[in-house]
Amino acid sequence: MGDGQFQAKIMQALTLHIGSGEMVCKWLQRVLDLEYSTARRKYKGDIKISLAQFDKIVKGAPYVLTVALDSVLSQNTFLTTYSSFRDKREVIAYLKVIIKRFEKGLAHKACLRYVARDLPLFFFLADRRLAEFKISIWSHQLGDKGLMKMDIETYSLCKEVHRLYMHLESIEVWSKSVLSKQPRMINWFCDIKRIDEGYRKGLYEALHEQVVRYKDWSASGLKDGHGEIDLLFTDFITMNNGGLLEAPSMRHLMTAISSVNFVTFDDPVLCKNFTDEFEQHRSYATSVTCQNTLQRELCFDYLLKELSSNF
């Protein structure tokens with residue numbers, strides 16, 4: 001591959017992730033500390049990028065390494081990054097990444113295909129109590145240090161992620177037992193005195209409120225009047241929690257590899273594999289959105305009874 005072709009592929013990769021050519025030029029202007037006109041000429045290939053500039057691009061956008069190493073990587077090799085929730089700094093960084101990704105998704109009118117073996121992330125971010133509890137568990141703090149108290153900055157980011165999620169179109173396949181672990185988890189941490197009875201009661205109230213909210217969404221087909229939702233329930237799910245944010249000009253696969261490690265892929269093969277498996281699960285799931293009133297009542301009654309029986 002010649003230098004010109006190599007540079008063109010790098011710019012294509014940046015465009016796929018960042019957006020329009022103008023947005024990439026502004027990104028290059030900032031990362032490489034250039035005049036806008038110079039950044040645009042590098043984007044168009046009129047001026048070559050230097051090795052030192054390529055180093056800065058890689059540090060700012062590690063995914064371009066896939067382009068750089070394309071000729072030496074084996075067929076089943078790809079590069080990615082992961083996020084975790086070990087402390088407040090990592091929580092904030094992860095939420096900011098999700099915000100940028102969802103903003104881009106909304107700009108491209110993307111659809112989120114999400115599979116939930118356990119309650120999805122967005123379910124918890126809708127409520128301060130649930131978000132605080134789950135982040136404390138994901139960071140392994142609750143068992144040792146107690147609750148990771150959520151400050152205004154972190155809570156504001158949680159609310160923004162949830163707001164963006166509500167404006168995105170989503171197709172979601174949930175396991176009918178999606179709620180089964182939460183009551184037992186809450187009761188266990190209460191029994192070992194990591195949370196008190198008042199906090200336990202508040203978590204149950206929040207869970208009930210969110211279940212009812214999703215029921216209302218599935219009845220109208222809209223999330224509080226914003227993005228469309230098609231919610232489906234199935235008897236079992238063999239996949240980890242995860243979602244594919246997809247539009248004609250973008251694609252991001254987000255999934256969990258453990259309770260506190262979240263990875264994002266743009267690899268075409270992995271995205272296709274997720275889509276194929278998602279559609280298979282969707283084919284034997286039952287939609288409870290808009291028309292299927294009986295199944296909607298049965299599925300949500302099951303979730304609410306599960307809550308009340310453990311309270």
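Computed from a predicted model, the values in this text were never measured in an experiment.
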Step by step, work out the side-chain hydrogen bond (donor to acceptor under 3.5 Å, both in side chains) result for Asn292 and Ser287.
-> CA-CA 7 Å; Asn292 205 340; Ser287 175; over 6 Å; no
Please report the C-alpha distance between Leu28 and Ile49 in whole Å, then the side-chain angles of each, then the deciding distance to 0.1 Å, and finally whether the side chain to side chain contact (heavy atoms under 4.5 Å, CB included) criterion is met.
-> CA-CA 11 Å; Leu28 291 171; Ile49 56 173; over 6 Å; no
Please assess Phe122 against Leu112 for the test side chain to side chain contact (heavy atoms under 4.5 Å, CB included), listing each intermediate value before the final yes or no.
-> CA-CA 12 Å; Phe122 320 108; Leu112 176 66; 4.0 Å; yes
Test side chain to side chain contact (heavy atoms under 4.5 Å, CB included) applied to Lys201 and Phe311, step by step | CA-CA 8 Å; Lys201 182 179 179 181; Phe311 183 64; 3.8 Å; yes
Given Tyr204 and Glu209, is the side-chain hydrogen bond (donor to acceptor under 3.5 Å, both in side chains) satisfied, shown in steps?
-> CA-CA 9 Å; Tyr204 271 89; Glu209 289 170 6; over 6 Å; no
Stepwise side chain to side chain contact (heavy atoms under 4.5 Å, CB included) test for Lys215 and Glu297 = CA-CA 8 Å; Lys215 182 179 180 181; Glu297 292 296 327; 3.0 Å; yes
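A salt bridge links Glu197 with Arg200; the closest basic N to acidic carboxylate O contact falls under 4.0 Å. Look at Glu279 and Arg282 and you find a salt bridge, because one of the NZ, NE, NH1 or NH2 atoms lies within 4.0 Å of a carboxylate O, short of that distance. Note on Asp224 versus Arg213: salt bridge recorded, some NZ/NE/NH1/NH2 to OD/OE distance being below 4.0 Å. Using a 4.0 Å cut-off between charged side-chain N and carboxylate O, Glu228 and Lys223 make no salt bridge. Using a cut-off of 4.0 Å between Lys/Arg side-chain N and Asp/Glu carboxylate O, Arg128 and Glu132 are scored as not salt-bridged. Looking at Asp301 and Lys305, no side-chain N of the basic residue comes within less than 4.0 Å of a carboxylate O on the acidic one, giving no salt bridge.
Side-chain contact between Val97 and Lys100: absent, with no pair of heavy atoms (C-beta onward) separated by less than 4.5 Å. Side-chain contact between Leu231 and Trp174: present, with at least one pair of heavy atoms (C-beta onward) separated by less than 4.5 Å. Under the 4.5 Å side-chain criterion, counting only non-hydrogen atoms from C-beta, Ser218 is not in contact with Ile229. Considering only heavy atoms from C-beta on, Arg101 comes within 4.5 Å of Met254 through its side chain. Inter-residue side-chain proximity for Lys134 and Phe123 is flagged as unmet; no heavy-atom pair is nearer than 4.5 Å. Inter-residue side-chain proximity for Leu232 and Thr286 is flagged as unmet; no heavy-atom pair is nearer than 4.5 Å. Counting heavy atoms from C-beta outward, Trp217 and Leu222 have side chains that stay 4.5 Å or more apart. Counting only heavy atoms from C-beta outward, the side chains of Leu130 and Leu125 never approach each other to under 4.5 Å.
Ring geometry for Phe133 against Phe189 counts as perpendicular: the plane angle is over 60°, on a 0 to 90° scale with 30° as the lower cut. The aromatic rings of Phe278 and Phe274 sit parallel, their planes meeting at an angle under 30°, below the 60° perpendicular limit.
Using a distance-only test at 3.5 Å, with no hydrogens or angles considered, no donor-acceptor pair links the side chain of His162 to the main chain of Cys158. Judged by distance alone, the side chain of Asn241 and the main-chain N or O of Asp118 form a donor-acceptor pair under 3.5 Å. Counting only distance, with no hydrogens or angles, the side chain of Arg40 and the backbone of Cys25 share no donor-acceptor pair below 3.5 Å. Without hydrogens or angle criteria, Thr154 side chain to Met150 main chain gives no donor-acceptor distance under 3.5 Å. Side-chain atoms of Asn310 come within 3.5 Å of backbone N or O of Glu306 as a donor-acceptor pair.
Follow the hydrophobic side-chain contacts under 4.5 Å out from Phe102 and you reach Tyr155 in the same cluster. Connection of Leu303 to Leu298 is not established within any shared hydrophobic cluster, with ILVMFWY side chains joined at heavy-atom distances below 4.5 Å, either directly or through further cluster members. The hydrophobic clustering, which links ILVMFWY residues whose side-chain heavy atoms are closer than 4.5 Å, places Leu147 and Ile192 together. Hydrophobic clustering (side-chain heavy atoms under 4.5 Å, transitive across Ile, Leu, Val, Met, Phe, Trp, Tyr) keeps Ile47 apart from Met11. Both Leu179 and Trp188 sit in one connected hydrophobic cluster of ILVMFWY residues. Membership requires side-chain heavy atoms under 4.5 Å apart, directly or through other members.
Donor-acceptor pairing under 3.5 Å is recorded for the side chains of Lys42 and Gln53. Between the side chains of Thr238 and His281, at least one donor N or O lies within less than 3.5 Å of an accepting N or O. Side-chain contact annotation: Ser170 with Glu172, donor-acceptor N/O pair under 3.5 Å present. A side-chain N or O of Thr15 and one of Tyr43 form a donor-acceptor pair less than 3.5 Å apart.
Between Phe233 and Tyr302, the gap from one ring centroid to the other reaches at least 6.0 Å.
By the 6.0 Å and 45° rule, Lys26 does not stack over the aromatic ring of Tyr36.
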